[in-house]
Amino acid sequence: MDTKNVYIAVDLGAGSGRVLAGEFDDNRIDLKELHRFENTPLQLATGFHWDFDTLFKNILTGLKTAAKAYGSRVKSIGIDTWGVDYGLLDETGKLVNLPFQYRDARTDDMMKLAFENMPKRDIYEATGIQFMFFNTLYQLLAEVRSEHSKIDSAQNLLFMPDLIGYMLTGKKTQERTIASTSQLYNPRTRSWDASIVKSMGLPSRWFGELSDPGTILGPLTETIAAQTGLKDVVVVSVAGHDTASAVAGVPSQEENPIFLSSGTWSLMGIQLKQPVIEKNTFIDDFTNEVGVDNSVRFLKNICGLWLIQESRRAWLEQGEDIPYHAMSKLASEAQPFRSLINPDDPSFTSSGDMPRRVQEYCWNTRQQIPETKGQTIRCIYESLALRYSSVWNKLLQHSGSETPILHIVGGGSQDALLNQFTANAIGSTVLAGPTEATGLGNIIVQMLAGKQIGSIAEGRQIIASMSDLKSYQPSDTDVWSQARETFNSIQTIHPDL
């Protein structure tokens with residue numbers, strides 16, 4: 001009879017979701033995907049929303065599969081999602097509206113309004129968070145100013161992993177790592193920043209007591225237990241922000257590992273014990289988010305494989321389905337450094353015809369315009385690697401780290417060409433893997449809560465021992481150094497020229 005404990009990770013990204021099972025045999029975690037599904041937003045009259053009902057039904061499907069496969073061996077469930085988004089509940093515990101998708105246009109001009117209420121530097125001094133148009137702060141500011149606002153009936157604010165946890169258990173919490181993405185949390189005081197909440201006119205009732213990763217939220221409700229077939233299973237508040245879970249799953253025993261969580265977004269940073277909130281980190285727009293074990297993830301958000309994903313989608317709409325491995329091959333065959341873009345330029349923020357936008361950027365910056373798909377993809381890959389290099393240098397400067405290794409985790413760690421370009425651009429060793437760092441990080445926090453391991457470091461050691469990491473050594477560094485000068489120069493050219 002199999003007695004190995006099983007832990008379920010619900011891992012939701014902005015484009016898709018998975019329900020994963022981690023079976024632990026005291027030495028390794030055998031990870032299996034139980035259910036994968038699309039996470040497709042809805043364009044409604046009220047704006048761009050998440051299809052929460054469909055999302056939750058898919059989660060239940062995954063949990064039913066877990067019950068059939070593992071039965072009573074399932075011990076707990078943990079949920080991680082993308083950051084900043086939330087749901088508002090009325091006094092009966094029902095959503096007042098579908099959660100908004102972070103790219104919804106309602107946040108247009110909200111930064112400007114926020115800075116009228118409180119100086120930009122003061123907001124950064126209080127939160128240490130990078131200024132992104134979709135931060136929860138600006139979403140909530142749009143919420144309270146909307147003529148269709150339902151804030152009077154909204155009693156509770158739950159971030160997406162907390163909202164799903166509530167639907168499973170009936171228990172409400174605001175988990176710390178996901179709360180720290182909001183630009184309303186103070187990493188020094190480890191609490192909500194009351195001065196920002198008051199300055200923005202936000203209801204104080206929305207900001208309650210925070211919980212830490214590893215806190216047991218509670219058992220499944222009787223209804224959910226009956227629906228799924230899972231008995232005596234608890235939900236654990238893991239590191240609810242998917243990047244925090246990914247960093248928990250970095251296979252390193254270094255005290256301050258440097259990581260790149262590579263997916264739709266690329267998040268490059270270092271795990272530290274204290275936030276770094278200074279004049280220069282404000283100028284360079286670095287962020288301080290909370291991680292496991294009271295750590296701080298000092299990092300910068302970079303527009304990542306979104307550019308590749310949107311390009312593929314645009315070509316698919318034109319009738320050509322190009323798999324990602326084929327896109328990489330086309331890029332490898334194209335001319336190096338023919339043209340470059342700034343991946344974080346605002347023109348690439350929203351969904352649309354990304355290849356055309358790349359061409360327009362190159363035209364505006366007086367470069368050769370990509371004419372083939374291979375040229376477009378290579379332009380994106382090389383530009384991402386050079387952007388990583390810029391952030392890498394600033395990261396080392398601000399943190400004082402001399403760590404010579406970059407750990408790339410997440411789906412992008414499978415992209416050998418981009419990984420090699422990254423090693424070339426930063427001039428340091430890249431260790432790629434595991435792909436499933438987020439799911440594994442989610443699971444080791446559950447294992448810690450269940451006292452099956454004694455520390456996150458022990459969990460990371462288990463991940464390291466079972467991961468087949470691939471090493472990339474820098475090459476052609478002189479050529480990449482010259483390309484970096486070109487990359488820096490194009491960002492100084494006015495886009496209207």
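- For the pair Ser311 and Ile380, the minimum side-chain heavy-atom distance is below 4.5 Å.
- Judged purely by atom type and a 3.5 angstrom limit, Ser328 has no side-chain atom pairing as donor or acceptor with the backbone of His325.
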task: I would like to know whether Arg188 and Glu125 meet salt bridge (charged side-chain N to carboxylate O under 4.0 Å, His left out); could you show each step before the answer?
output: CA-CA 10 Å; Arg188 291 192 178 106; Glu125 185 64 29; 3.3 Å; yes
query: Hey, mind stepping through Ser383 and Asn342 against side chain to side chain contact (heavy atoms under 4.5 Å, CB included) and telling me if it holds?
result: CA-CA 7 Å; Ser383 299; Asn342 174 10; over 6 Å; no
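- Here the closest heavy-atom approach between residue Gln367 and residue Ser339 is recorded as OE1-CA, 3.5 Å.
- Taking the six-membered ring where tryptophan is involved, the planes of Phe115 and Tyr138 are perpendicular, since the angle between them exceeds 60° and thus also 30°.
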query: Stepwise, does the side chain to side chain donor-acceptor pair (under 3.5 Å) test hold for Thr438 with Ser245?
result: CA-CA 5 Å; Thr438 303; Ser245 278; over 6 Å; no
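- Side-chain atoms of Gln174 come within 3.5 Å of backbone atoms of Leu157 as a donor-acceptor pair (strictly under, hydrogens ignored).
- When only modelled atom types and interatomic distance are considered, Glu38 and Thr40 share no side-chain donor-acceptor pair under 3.5 Å.
- One side chain, Gln473 or Thr429, offers a donor N or O that lies under 3.5 Å from an acceptor on the other.
- Between Ser351 and Arg313, the side chains place a donor N or O and an acceptor N or O closer than 3.5 Å (distance only, hydrogens not considered).
- Side-chain atoms of Asp345 and Ser347 form a donor-acceptor pair, as typed in the model, at a separation below 3.5 Å.
- Cation-pi geometry between Arg18 and Phe37 is not satisfied (NZ or CZ under 6.0 Å from the ring centre, within 45° of the ring normal).
- Judged by distance alone, the side chain of Glu310 and the main-chain N or O of Gly352 form a donor-acceptor pair under 3.5 Å.
- The shortest side-chain heavy-atom distance between Ile341 and Cys362 falls under the 4.5 Å cut-off.
- Between the CG atom of Leu440 and the CG atom of Asp11 there is a distance of 10.0 Å, given to the nearest 0.5 Å.
- Atom CH2 of Trp192 is separated from atom OG1 of Thr127 by 11.5 Å, given to the nearest 0.5 angstrom.
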- request: Starting from the C-alpha separation in whole Å, work towards a yes-or-no answer on salt bridge (charged side-chain N to carboxylate O under 4.0 Å, His left out) for Lys373 and Glu320.
  value: CA-CA 11 Å; Lys373 294 178 176 64; Glu320 190 169 0; 3.2 Å; yes
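- The distance from the OG atom of Ser390 to the CZ atom of Arg484 is 7.5 Å, given to the nearest 0.5 Å.
- No donor-acceptor pair closer than 3.5 Å links the side chain of Gln271 to the backbone N or O of Val296.
- Remark: the His398 side chain and the Asp284 side chain contain an N/O donor-acceptor pair separated by less than 3.5 Å.
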- prompt: After noting the C-alpha distance and the side-chain angles of Thr181 and Asn135, does the key distance pass the side chain to side chain contact (heavy atoms under 4.5 Å, CB included) rule?
  reply: CA-CA 7 Å; Thr181 68; Asn135 287 348; over 6 Å; no
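- The side-chain heavy atoms of Pro187 and Ile277, taken from C-beta on, include a pair separated by under 4.5 Å.
- In this structure, Ser413 contributes its side chain and Ala432 its backbone to no donor-acceptor pair below 3.5 Å.
- Both the sub-6.0 Å distance and the 45° axial angle are satisfied by Lys120 relative to the ring of Phe131.
- Looking only at atom types and distance, the side chain of Arg190 has a donor-acceptor partner in the side chain of Asn294 under 3.5 Å away.
- Between the Lys300 side chain and the Asp285 main chain, a donor and an acceptor come within less than 3.5 Å of each other.
- Using a 3.5 Å distance cut-off with no hydrogens or angles, the side chains of Ser266 and Tyr388 do pair a donor with an acceptor.
- Relative to the six-membered ring of Trp306, Arg103 meets both conditions, a distance below 6.0 Å and an angle of at most 45° to the axis.
- Phe337 has its side chain within reach of Trp480: a pair of non-hydrogen atoms, C-beta onward, lies under 4.5 Å apart.
- With hydrogens and angles left out, the side-chain atoms of Gln183 and Tyr124 include no donor and acceptor closer than 3.5 Å.
- Taking CZ of Arg460 as the reference point, atom CD1 of Ile462 lies at 13.0 Å (rounded to 0.5 Å).
- Between Ser182 and Phe159, the closest side-chain pair of non-hydrogen atoms falls below 4.5 Å.
- The minimum heavy-atom distance between Pro99 and Leu163, with the atom names listed, is CG-CD2, 4.1 Å.
- Looking at heavy atoms from C-beta onward, Ile444 lies in side-chain contact with Ile463 at the 4.5 angstrom threshold.
- A salt bridge is absent between Arg338 and Glu382; no separation between the charged side-chain nitrogens and carboxylate oxygens falls under 4.0 Å.
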task: Test side chain to side chain contact (heavy atoms under 4.5 Å, CB included) on Val236 and Thr215 and set out the steps.
output: CA-CA 6 Å; Val236 175; Thr215 302; over 6 Å; no
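- If you take CD1 on Ile405 and CG on Leu469, they are separated by 10.0 Å, rounding to the nearest 0.5 Å.
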task: Given side chain to side chain contact (heavy atoms under 4.5 Å, CB included), test Val19 with Ile8 step by step and report yes or no.
output: CA-CA 7 Å; Val19 178; Ile8 304 301; 3.6 Å; yes
message: Let's go through Trp50 and Phe100 carefully: what are the C-alpha distance in whole Å and the side-chain angles of both, what is the deciding distance for ring pair (Phe, Tyr, Trp, His ring centres under 6.0 Å) to 0.1 Å, and is it a yes or a no?
response: CA-CA 6 Å; Trp50 294 110; Phe100 280 91; over 10 Å; no
task: Quick one: do Gln446 and Asn442 satisfy side chain to side chain donor-acceptor pair (under 3.5 Å)? Show the steps, please.
output: CA-CA 7 Å; Gln446 294 183 60; Asn442 178 319; 2.8 Å; yes
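- Counting only N and O atoms by type, the side chains of Tyr324 and Gln414 include no donor and acceptor under 3.5 Å apart.
- Put simply, the side chain of Asn419 gets close to the backbone of Asp415: a donor and an acceptor are under 3.5 Å apart.
- A donor-acceptor contact under 3.5 angstrom links the side chains of Gln139 and Asp85, judged on distance only.
- Side chains of Trp392 and Leu406 form a contact here, defined as non-hydrogen atoms less than 4.5 Å apart.
- Interatomic distance, CG of Leu305 versus CG of Leu384, reported as 6.5 Å (0.5 Å rounding).
- With hydrogens and angles disregarded, no donor-acceptor distance shorter than 3.5 Å links the side chain of Asn5 to the backbone of Phe24.
- Judged by distance alone, the side chains of Asn424 and Gln420 do bring a donor and an acceptor atom under 3.5 Å apart.
- Judged by distance alone, with hydrogens and angles left aside, the side-chain atoms of Arg357 form no donor-acceptor pair with the main-chain N or O of Phe348 at under 3.5 Å.
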- request: Using the salt bridge (charged side-chain N to carboxylate O under 4.0 Å, His left out) rule, take Glu333 and Arg378 through it: C-alpha gap first, then chi angles, then the decisive distance, then the call.
  value: CA-CA 9 Å; Glu333 295 168 349; Arg378 180 140 193 156; over 6 Å; no
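- Side chain of Glu175 to main chain of Thr177: a donor-acceptor pair is present (N/O by atom type, distance under 3.5 Å, no hydrogens or angles).
- The aromatic rings of Tyr102 and Phe134 lie perpendicular to each other, with more than 60° between the two planes, well past the 30° mark.
- Considering only residues two or more places apart in sequence or on other chains, Asp104 meets the side chain to side chain donor-acceptor pair (under 3.5 Å) condition with none of them.
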